[in-house]
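Down below is the structure, laid out as structure tokens.
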Protein chains: 2
Amino acid sequence: MINVLQVTERMMIRDKSMTRAINTVGSSTYERIKKDIIFGTLAPGSKLKLDALKQQYEASVSTLRETLNRLSSDGFVEAAEQRGFFVRSVSKEDLTEIANLRILLECSALKTSIENGDADWEGNLVAAHHKLRLTEEKMLSGDTSQKELWKRYDWEFHKTLIEACNSQNLMSLHAIIYDKYLRYQMLVITDRGEAAAKEHKQMFDAALVRDVDAATKVLEVHIRKGLEHTLANM
Amino acid sequence: MINVLQVTERMMIRDKSMTRAINTVGSSTYERIKKDIIFGTLAPGSKLKLDALKQQYEASVSTLRETLNRLSSDGFVEAAEQRGFFVRSVSKEDLTEIANLRILLECSALKTSIENGDADWEGNLVAAHHKLRLTEEKMLSGDTSQKELWKRYDWEFHKTLIEACNSQNLMSLHAIIYDKYLRYQMLVITDRGEAAAKEHKQMFDAALVRDVDAATKVLEVHIRKGLEHTLANM
DNA sequence: ATATTTAAAATATCATATATTATTGCGAAT
DNA sequence: ATTCGCAATAATATATGATATTTTAAATAT
């Protein structure tokens, strides 16, 4: 799931021999609003007035309510009965909870994934790490124009690492938590560029030689350091 | 959260000096449909046609769509773009994933909770276990009329056990997973009555003497045995 | 049998009506 | 003067029914 930065334009899918454009207004507003919450365009705690959203996202009230209800179940929006919707507010406590959850879920998934991953998985991992490293190098050399792309490759790398864990349920829970964690990262201006890149490399190497202990330990440090960095800057 | 068996009638809340009835059609429909999915009234895999639901739950299409979108984010309903909604289908693989997730989340929460629980928590735990034990005894002596109540007390006991874990995020994730697990339990006819009751007692005792290891071990066995029992009967 | 056309059913979206909450203004009491 | 309570009004959320679009199925032709 490229849930974070998913292309919002119409996607093509194969249907028999024809290609046909599909995408509902609902799903595209969902992606757009979610993205705007994660990347801070919609500020934490701010009221989501339906009339205003109607103009902003060019969708009807019903469609917006469907969207906001979904986002509320996901935990990005707060729904106050008969008082409307709000962007989920942020706090250090919440971030700490999110980070701990991410450690719990992702480390568990990583362990199983490393134990079960086949050649396909290794291939995907090599590819994912390669793309991530290239973008990281660009970022480190001062070209910060592609922050969104960088974050997408970060997501793809982490997702690929745990992809062989054999649990759809775990994967989708993790996807949500990852996005919540990302939202906090986008809240602060700076990032841990070089250190994070080094940790990615260590995880990559450990995963390929099937060293579960090393990989999960680095992952935990990776997340915990990210947590500390964000806490210190928010 | 008494999410499973929550009373669907209007609830009273205090507002200044008056009591005032609140409850939207949306939230009550949500609870009702969720309950019907968990308790099997709405069969796994079955199509959720809007017209039919409209009559069944006496709500408009838009309200129902809001509900179904929420349930889809929660994972109880499958939303197929432009093809409508379906009750989430079941499988042994899915149940196994759910059980493993429950072990992961609940054991982690239990550990922290036991480490942090104060006198209030102990009191709540004593009360929760007492209510559960009374109902279990009735069930074991043949009175199976209160299966829903029993399941509610089971939920309250497990919830109370982890309530001092200091993580709202973890608690709400756990609540969803618990309900998914419960759905599978309701699918099969029989239960592990006596054995489960014994395990509850063991967890209760271990929690009170703050024996993290013993408590989490029993919990894991408790869930794993429940998984095996359900797998064998589905 | 397979493909195409047509009809029916169902979903997605919208505009509007109803119910609820929030705001404002005014007068009485402290 | 300031606070509090109350009523009228405005703003907003919730819920509904109607319409447009898409999918499913049934029927016909290749």
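Protein chains get the first letters and strands the later ones, always in sequence-line order, with residue 1 at the start of each.
- Of all nucleotides listed (D:dA15, D:dT23, C:dC14), C:dC14 comes nearest to the side chain of A:A59.
- In this structure, CD of B:E81 is placed 13 Å from P of D:dT24, rounded to the nearest angstrom.
- The separation between B:K49 atom NZ and C:dA12 atom C1' is 17 Å, rounded to whole Å.
- Following rounding to the nearest Å, A:D51 (CG) and C:dA22 (C1') show an atom-to-atom distance of 15 Å.
- At least one donor-acceptor pair under 3.5 Å links the side chain of B:S113 to the backbone N or O of B:A164.
- Distance from the side chain of A:T24 is smallest for C:dA12 among the nucleotides C:dA10, C:dT20, C:dA12.
- Judged by distance alone, the side chain of B:E78 and the main-chain N or O of B:F86 form no donor-acceptor pair under 3.5 Å.
- Remark: B:R88 is not positioned above the aromatic ring of B:F76, lacking an NZ or CZ atom under 6.0 angstrom from the ring centre and at most 45 degrees off the axis.
- Residue A:Q82 places at least one side-chain N or O closer than 4.0 Å to OP1 or OP2 of C:dT21.
- At the heavy-atom level, B:L50 lies under 4.0 Å from the strands shown only through sugar-phosphate atoms.
- For the atom pair NZ of A:K159 and NE2 of A:H174, the computed distance is 11.0 Å after rounding to the nearest 0.5 Å.
- Rounded to whole angstrom, the span from the CD atom of B:E58 across to the C1' atom of D:dT14 amounts to 17 Å.
- The base of C:dA12 has none of its N or O atoms less than 3.5 Å from a complementary donor or acceptor on the side chain of A:T63.
- For B:S60, no side-chain nitrogen or oxygen approaches OP1 or OP2 of D:dA15 to under 4.0 Å.
- When distances run from any side-chain atom of B:S62 to the nucleotides D:dA15, D:dT22, D:dG17, the shortest one goes to D:dG17.
- Computed from coordinates, the A:R65 CZ to C:dA15 C1' distance equals 15 Å when rounded to whole Å.
- Rounding to whole angstrom units, CD of residue B:E66 and C1' of D:dA15 are separated by 8 Å.
- Put simply, the side chain of B:W121 gets close to the backbone of B:T160: a donor and an acceptor are under 3.5 Å apart.
- Following rounding to the nearest Å, B:Y57 (OH) and D:dT16 (P) show an atom-to-atom distance of 16 Å.
- Note: CG (B:L68) to C1' (C:dT11) measures 12 Å, nearest angstrom.
- Looking at which nucleotide of DNA chain C each of A:V61 and A:R83 is closest to, the 5′-most match is held by A:V61.
- Within the 4.0 angstrom heavy-atom criterion, no nucleotide atom of any strand lies near B:K54.
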